[in-house]
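Only a predicted model underlies this, so the values are computations on that prediction, with no experimental measurement involved. Counting begins at 1 with the first residue of the sequence.
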Amino acid sequence: YHQGESFRVLVMGFKSGMIFKGQQTNASSKLVVLEGCVIYKKKDAAVVMNQFDDINIAAHVPHTLEAVEDSICFLIQS
């Protein structure tokens with residue numbers, strides 16, 4: 001969506017039931033749910049995220065996102 005020298009913003013769209021498996025970022029990130037509901041999972045935790053919820057994601061931490069319903073999210077990396 002947008003990119004600068006030290007950051008980028010990605011827009012991710014999910015259909016209900018989609019699973020984005022085994023991802024990890026090279027930079028610290030923030031996931032923000034703009035619409036819908038997703039489940040953020042990492043090794044020791046699962047967090048249900050609804051509209052306008054956000055979570056910080058540490059670099060190099062494997063995680064999965066599962067769409068509970070059609071969803072749109074921002075991933076902000078810096």
Is the shortest side-chain heavy-atom distance between [X] and [Y] below 4.5 Å?
| X | Y | answer |
| --- | --- | --- |
| D54 | L31 | no |
| I57 | K30 | no |
| F74 | V11 | yes |
| V38 | V33 | yes |

Testing the basics here: between [X] and [Y], what is the closest heavy-atom pair and its distance to 0.1 Å?
| X | Y | result |
| --- | --- | --- |
| A27 | A59 | C-CB, 3.7 Å |
| Y40 | K42 | OH-CD, 3.8 Å |
| I39 | A46 | CG2-CB, 4.3 Å |
| M12 | L65 | CE-CD1, 3.6 Å |

side-chain contact (heavy atoms from CB on, under 4.5 Å) assessment of I76 paired with V32: CA-CA 8 Å; I76 305 162; V32 181; 4.3 Å; yes

Would you find a donor on one side and an acceptor on the other, under 3.5 Å apart, between the side chain of [X] and the backbone of [Y]?
| X | Y | result |
| --- | --- | --- |
| S29 | L75 | no |
| Q51 | L34 | yes |
| H63 | V61 | yes |
| S16 | V68 | yes |

- prompt: Out of curiosity, K21 NZ to K41 NZ, how far, rounded to the nearest 0.5 Å?
  reply: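 Here the interatomic distance stands at 9.5 Å.
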
- request: Measure the spacing between OG of S71 and CG of N50 and express it to the nearest 0.5 Å.
  value: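 Separation between the atoms: 9.0 Å.
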
message: When you group the ILVMFWY residues by side-chain heavy-atom contacts below 4.5 Å and let the links chain together, are L10 and I19 in the same group?
response: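 No, it is not one cluster - the side chains of I19 and L10 are not joined through contacts under 4.5 Å.
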
query: Are V47 and F14 in one and the same hydrophobic cluster, where Ile, Leu, Val, Met, Phe, Trp and Tyr link if side-chain heavy atoms are under 4.5 Å apart?
result: yes

